[in-house]
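Each chain gets a letter, A, B and so on, in the order the sequences are listed, and its residues count up from 1.
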Protein chains: 2
Amino acid sequence: MRAGDRAYQTLREEITNGDLPAGTVLGEVEQAMRLGISRTPVREALRQLISEGLAVQRPRGVEVSEVSFENIGELYDVRLALECQAARLAAQNRDPDVFRALLVDFQHVSDLLNTRDRNRHDYYELVNRLDEALDQAVHNPYLVSAMATVRTHLARIRHMARSDRARLMDAAREHALIVQAIIDGNGDLAAHATHVHLYNSLSHRLAKAASLETRTADAVSPDEGDARETA
Amino acid sequence: MRAGDRAYQTLREEITNGDLPAGTVLGEVEQAMRLGISRTPVREALRQLISEGLAVQRPRGVEVSEVSFENIGELYDVRLALECQAARLAAQNRDPDVFRALLVDFQHVSDLLNTRDRNRHDYYELVNRLDEALDQAVHNPYLVSAMATVRTHLARIRHMARSDRARLMDAAREHALIVQAIIDGNGDLAAHATHVHLYNSLSHRLAKAASLETRTADAVSPDEGDARETA
DNA sequence: CTTCGAATCTGTGTATACATTGACGTGTGA
DNA sequence: TCACACGTCAATGTATACACAGATTCGAAG
């Protein structure tokens, strides 16, 4: 694989993970040293990050773009428009077997989450499978690309307001309804169920964010032990 | 200005204009020679074009991406989702004076188009002003960015199926209704009027495309004398 | 004459060298 | 002591040199 692509993927993941917090200056020489390559592929990676919105061009150089809670509303407005349309299109073009398998999994999420709390990661994996199934079903690369951009930016905020188990159980029910509507070929229901799900998801995130503001700024959520190196 | 940015803008415009048709190989050395710069800034420009979808990475190198009539439907599906949401948001956040001025212009399009046929370009300019007003009003950079991408791709197809004067008159009435709804703060009407407009626009383009297929492939539309250098 | 192989050549990917711009620090003069 | 100016330095932007991979072509052998 090309060094430029590797640098891009590495930096991209470090930004979405939060390892490179917003405002971090991405010096070409520094990153080239760190990644063990020369400035040329690093520049390529930085330009891609900029065009994706994960980094911004400053007069001094390139730095990781800001993303705050105010952006959540904006991102959800775009996500709402795109994913409702995607649900509608998926209901038309779906492969029923794929979504039937997903439906079974979503209906058994309670088992998944009741066994051990760490299995929250498995739930996110299930949601990823749903996203991929939607991407396949819509048959529309432009829509897929636009949704990927929104998902990338939302992933940066995900770790700032992690969902608790009760919310995940509700979300699973909402997802199950979306999947059911897609299986039935009911585009309107699929779109509206997506609307409901995104509204609840946003409400929960905003409530979580408000409750977090009352605590100390750099406290991690109590059921998550990620070691962060936030400056 | 940086050489890389100039190269990007130049290539971008040449692709959307059709001067660089789909499938054209964009050799680094060739473009560097042509633009009078070295390969480094050309590479930057090419990477940006790829991430924007205007070019694709081939095993041989980079070439201008394909865009055909089949893509129109896909692009309109995304455009529908985004612009309806944009109209809805604009109706909430608009500056009434800006859209009142636009409304007057759209109501006088008949004068504009009756004087001389060449003024079709002025109409497109008016639509651009509406787009910019929407971008301002939505207060959502993510939505603006997503719409810009869709508009870029649709611009590539615009010259393949140009609208006639009758269609432009209808489109002006549709635009006027959208603007009126935004002025009134009627988000639902703004979104639905946008839906109507895009449906009619797509129908017209598809009908135009179907009628063009009956003629010879490289015939230009009768009321447009653009000299094309399609190979 | 056909086919296989090797060599060359074209073009990308990467590294490095050079140019330029802006900032920071220091030194000197008032 | 403060302010201004000059010099140095650090970082980006650009050009070029080098490495490597794939394709094409030419030549030789069957």
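In terms of the side chain to side chain contact (heavy atoms under 4.5 Å, CB included) criterion, residue partners of A:Thr40 (sequence neighbours excluded) are, by chain and number, A:Ser38. Residues satisfying the ring pair (Phe, Tyr, Trp, His ring centres under 6.0 Å) criterion with A:His153, sequence neighbours excluded, are B:Tyr142. Partners of A:Tyr76 under the ring pair (Phe, Tyr, Trp, His ring centres under 6.0 Å) rule, at least two apart in sequence or in another chain, do not exist in this structure. Under the rule for a ring pair (Phe, Tyr, Trp, His ring centres under 6.0 Å), the partners of A:Phe106 that lie at least two apart in sequence or sit in another chain are A:His175. A:Ser51 pairs by the side chain to side chain contact (heavy atoms under 4.5 Å, CB included) definition with B:Ser51, not counting sequence neighbours.
First and last contacts of DNA chain C with chain A, using any nucleotide atom under 4.0 Å from a protein heavy atom and ordered 5' to 3', fall at C:dG13 to C:dA23.
Nucleic acid contact class of B:Glu44 (heavy atoms, under 4.0 Å, all strands): none.
Per the geometry, CD belonging to A:Gln31 stands 15 Å off C1' belonging to D:dT12, to the nearest Å. Protein atom CG of A:Leu26 is 14 Å distant from nucleotide atom C1' of D:dT12, rounded to whole Å.
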Between the protein and nucleotides 17-24 of chain D, which nitrogen or oxygen pairs are less than 3.5 angstrom apart?
none

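For residues 8-40 of chain B, no pair satisfies ring-ring contact (aromatic ring centres under 6.0 Å, His included), with sequence neighbours left out. Residues in residues 68-81 of chain B take part in these salt bridge (charged side-chain N to carboxylate O under 4.0 Å, His left out) pairs, two or more places apart or across chains: B:Arg79-B:Glu83.
In this structure, a donor-acceptor pair under 3.5 Å is absent between the side chains of B:Gln9 and B:Arg12.
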